[in-house]
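Numbers here are sequence positions counted from 1.
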Amino acid sequence: MKLFVLISFLLFLLLNPRVLSKTVSDGGPERASLPPRGWNSYDSFCWTISEEELLQSAEIISKRLLPHGYEYVVVDYLWYRRKVKGAYTDSLGFDVIDEWGRMIPDPDRWPSSKGGKGFTEVAKKVHGMGLKFGIHVMSGISTQAVNANTPILDTISGGAYEESGRKWTAKDIGIKERACAWMQHGFMSVDTKLGAGRAFLRSLYEQYAEWGIDFVKHDCVFGDDLDINEISVVSEVLKQLDRPILYSLSPGTSVTPAMAKDVNGLVNMYRITGDDWDSWRDVAAHFDVTRDFSTASMIGAKGLLGKSWPDLDMLPLGWLTDPGSNEGPHRSCNLNPDEQRTQVTLWSMAKSPFMFGGDVRKLDESTYNAITNPTLLEINWFSSNNMEFPYVTGMRVHRTDESHSYQSRRYAIDVRTSDTQGLALTTCSNSEAIGWSTEALDEEFEKICWKEKFKRKNQAPFCVYKGEPLLASDEIMTYKQKYQGKLRLLSTDRRDFCLGASSNERLTAKEIKRGAFSPCRWETNQMWELNPNGTLVNGYSGLCATMKSVKAEVSSVGTRSWIATGSRGEIYVAFFNLNTRKTVISAKISDLAKALPSQTLNGASCEGREVWSGKDIGLTKQSISMAVNAHGCALFVLNCH
């Protein structure tokens with residue numbers, strides 16, 4: 001087995017010599033010099049995976065996917081939760097923690113962890129297959145540890161953390177009002193201003209290094225759940241460890257390039273959407289945000305001791321489970337073959353990390369061929385100048401008779417929208433966040449309103465009441481002093497309902513569900529601060545509120561295209577058909593020069609092939625064109641002279 005792994009890995013390096021040149025420099029190994037590639041258990045097992053299932057999967061990955069660069073095997077969340085009756089994704093009291101309040105693997109699912117070994121034995125076996133081992137972790141500290149009031153480990157002294165003449169515990173550092181918005185019973189932030197809070201985080205990641213962890217996926221600290229303080233502390237701890245650990249953030253609901261620029265230098269990859277599942281709307285939701293990150297030059301930008309990569313999420317292909325399920329893999333992917341090719345092509349052109357999510361024990365040939373396509377993998381790692389290419393035209397194809405002959409005609413993209421306005425979050429430095437002000441109703445009440453009226457005629461501005469929610473007096477006294485200056489924004493219909501910024505559900509890429517009113521609670525998600533400059537800051541994420549048009553699509557249609565250059569001078573052009581009908585998509589050769597002015601393409605002739613069909617497109621000076629199936633794509637490799 002070890003000989004096979006060694007031969008596979010050496011073959012991979014021989015076929016990809018540029019990997020060595022990019023991963024080693026005078027200063028030592030550069031982390032994430034290329035978009036990371038591997039497998040994650042979430043899409044196929046949710047939280048239920050066991051040691052046996054993980055090692056079965058790792059062995060297959062080492063044989064079939066490692067030769068294609070898939071080197072990480074990542075156990076997703078709740079590996080510490082007992083799989084017993086009553087346990088689910090947001091249950092309380094079913095987790096296994098050590099004496100210091102740190103999560104440790106469920107010994108029933110991970111028998112080699114018994115005796116305080118954690119993931120040490122699993123990591124050794126995965127490493128023995130030539131792979132690297134990763135885990136998912138949640139933000140802060142578990143509610144279970146806070147309820148148990150466990151002591152904090154000081155890894156320097158090896159005993160309980162002491163400061164100011166006393167020992168510190170979980171209740172001292174846990175911020176109950178800042179529980180993870182979509183896992184309220186599971187985890188809460190820690191106070192990183194406290195030495196004890198930082199000591200707790202340090203003890204976590206030093207333990208992961210001792211276990212032999214190579215990759216950490218950190219959840220509920222980014223996007224709508226932004227906690228820049230925890231990200232910063234964790235990044236600094238990882239920088240100081242002897243063991244290199246790749247640092248990933250998830251999920252990325254509402255992430256913008258401006259927000260990402262505050263964290264990309266601290267991490268190696270970060271999600272830029274909500275969860276991606278096997279629905280066409282999830283796939284289509286990635287086109288705009290991916291374009292924005294490319295335009296902002298975020299692809300392969302500076303990262304933690306290396307580079308960082310915008311992450312479009314796992315590839316939910318093959319044999320899968322369902323979001324939040326207590327059941328393992330039990331169904332096939334809902335995307336049709338054209339939609340699957342569109343997804344992997346966009347991920348490749350955008351240089352997203354390639355993290356496969358399907359059950360590798362039941363890996364069908366079609367899925368295998370898609371995720372190991374040599375051209376896609378070449379583009380994903382070694383292309384440059386990756387960007388959206390706007391110079392394409394589309395002609396919708398219509399059948400004229402039963403013999404399947406076709407006519408084509410030009411069409412206009414038709415996306416009808418409503419003018420609905422919705423609350424959105426943005427960085428507070430964004431000028432779009434400025435525009436909130438107070439208006440007096442009477443001696444007792446004030447309201448806070450957005451500056452602009454909605455576009456609909458006679459539609460009033462969005463307003464909320466500024467005031468105290470109807471809570472028990474002892475609750476008010478407990479929190480009033482701690483959060484002096486913070487506001488609760490009350491519904492105009494019910495004074496016991498407060499405005500929260502982030503969704504209390506884990507969202508998928510296609511979903512927008514923010515700014516919801518819910519029963520008032522003393523939690524930072526419902527706490528706001530109105531600044532003199534007209535910004536309204538949320539206490540949970542530190543992001544600012546703004547009002548944006550929520551365009552409710554009646555029909556999602558149109559064409560998109562991406563372009564990139566290869567390491568040997570080739571040009572890659574991808575066409576994407578978002579329409580529900582076959583569409584002829586075309587691009588002029590002369591327009592390639594507009595996107596790639598350094599390529600001297602004016603007056604050039606190009607020849608090449610289309611990857612998915614294998615068709616040779618011949619020599620052309622005018623244009624490239626292809627009829628693309630609904631939700632499908634075409635990928636051209638061009639050599640131009």
Side-chain angles (χ1 to χ4, degrees), residues 30-36 139 181 215-236 238-239 246-276 285-314 346-347 349-355 380 384 386-388 424-433 501-503 506-509 511-512 514 535 537-538 540-546 548 562:
E30 181 186 47
R31 298 185 191 177
S33 60
L34 301 169
S139 60
F215 181 107
V216 168
K217 176 182 175 182
H218 196 183
D219 215 328
C220 206
V221 291
F222 194 43
D224 285 350
D225 308 297
L226 182 66
D227 190 341
I228 190 67
N229 293 327
E230 182 164 331
I231 294 170
S232 299
V233 171
V234 170
S235 182
E236 187 60 32
L238 293 177
K239 193 183 298 183
L246 223 64
Y247 189 21
S248 168
L249 302 182
S250 170
T253 312
S254 306
V255 168
T256 63
M259 187 192 303
K261 285 179 179 178
D262 290 335
V263 305
N264 71 280
L266 303 172
V267 304
N268 300 114
M269 53 188 274
Y270 52 91
R271 287 268 301 283
I272 59 175
T273 67
D275 288 353
D276 175 71
H286 286 81
F287 281 92
D288 285 349
V289 67
T290 306
R291 172 203 61 208
D292 295 344
F293 274 80
S294 169
T295 302
S297 301
M298 299 298 286
I299 298 175
K302 181 181 178 182
L304 174 61
L305 298 178
K307 293 183 179 179
S308 64
W309 305 92
D311 177 16
L312 304 188
D313 202 6
M314 284 91 72
L346 178 62
W347 266 233
M349 293 293 288
K351 303 196 75 166
S352 169
F354 258 44
M355 303 297 285
N380 181 246
S384 56
N386 304 67
M387 68 187 88
E388 188 174 70
L425 298 175
T426 186
T427 52
C428 295
S429 59
N430 189 340
S431 61
E432 293 181 359
S502 301
S503 173
R506 184 149 183 152
L507 302 180
T508 67
E511 294 177 307
I512 300 176
R514 296 185 300 280
T535 56
V537 187
N538 180 245
Y540 174 67
S541 63
L543 298 172
C544 281
T546 186
K548 289 188 176 180
W562 271 66

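Between Tyr540 and Leu425, the closest side-chain pair of non-hydrogen atoms is not below 4.5 Å. Taking 4.5 Å as the limit, some side-chain heavy atom of Lys261 sits within range of a side-chain heavy atom of Met298. Residues Leu246 and Pro36 form a side-chain contact, since some pair of their non-hydrogen atoms from C-beta on lies under 4.5 Å apart. Inter-residue side-chain proximity for Asn430 and Cys544 is flagged as unmet; no heavy-atom pair is nearer than 4.5 Å. When side chains are defined from C-beta on, Trp347 counts as touching His286, because their heavy atoms get closer than 4.5 Å.
Nearest heavy-atom pair across Ile299 and Lys351 is CG2-CB, 3.7 Å. In plain terms, the two heavy atoms of Trp562 and Ala350 that are nearest each other are CZ3-CA, 3.9 Å. What you find for Ser294 and Met387 is that their closest heavy atoms are OG-CA, 3.3 Å. Here the shortest heavy-atom pairing between Pro251 and Cys220 reads CD-N, 4.1 Å.
Applying the salt bridge (Lys or Arg N to Asp or Glu O under 4.0 Å) test to Asp313 and every residue at least two apart in sequence or in another chain returns Arg271. Residues meeting the side chain to side chain contact (heavy atoms under 4.5 Å, CB included) test with Thr546, sequence neighbours left out: Ala424, Thr426, Glu432, Trp450, Lys548. In this structure, the salt bridge (Lys or Arg N to Asp or Glu O under 4.0 Å) partners of Lys239, at least two apart in sequence or on a different chain, are Glu236. In terms of the salt bridge (Lys or Arg N to Asp or Glu O under 4.0 Å) criterion, residue partners of Asp219 (sequence neighbours excluded) are, by chain and number, Arg506. Listed by chain and residue number, nothing satisfies the salt bridge (Lys or Arg N to Asp or Glu O under 4.0 Å) test with Asp262 (two or more places apart in sequence, or in another chain).
Side chain of Ser308 to main chain of Lys302: a donor-acceptor pair is present (N/O by atom type, distance under 3.5 Å, no hydrogens or angles). Checking side-chain atoms of Asn268 against main-chain N and O of Trp309 turns up no donor-acceptor pair under 3.5 Å. Side-chain atoms of Asn538 never come within 3.5 Å of backbone atoms of Leu543 as a donor-acceptor pair (strictly under, hydrogens ignored).
Summarising the geometry, atom CG belonging to Leu346 is positioned 9.5 Å from atom CD belonging to Glu388; distances are rounded to the nearest 0.5 Å. Considering CE of Met355 and OG of Ser248, their distance stands at 7.5 Å, rounded to 0.5 Å.
The side-chain contact (heavy atoms from CB on, under 4.5 Å) with Ile272 is formed by just one residue from the set Leu312, Leu249, Asp311; it is Leu312.
In the model, Thr253 has no side-chain atom that pairs as donor or acceptor with a side-chain atom of Asp224 under 3.5 Å.
Using the six-membered ring where Trp is involved, Phe293 and Tyr270 have ring planes that are tilted, between 30° and 60° apart.
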Contacts under 3.5 angstrom, residues 227-235 side chains, donor-acceptor by atom type, not counting sequence neighbours:
unit_1, atom_1, unit_2, atom_2, d
Asp227, OD1, Asn229, N, 3.4
Asp227, OD1, Glu230, N, 3.2
Asp227, OD2, Ser189, OG, 3.3
Glu230, OE1, Gly140, N, 3.1
Glu230, OE2, Gly140, N, 2.8
Glu230, OE2, His218, NE2, 3.0
Ser232, OG, Ile228, O, 2.7
Ser235, OG, Leu266, O, 2.7

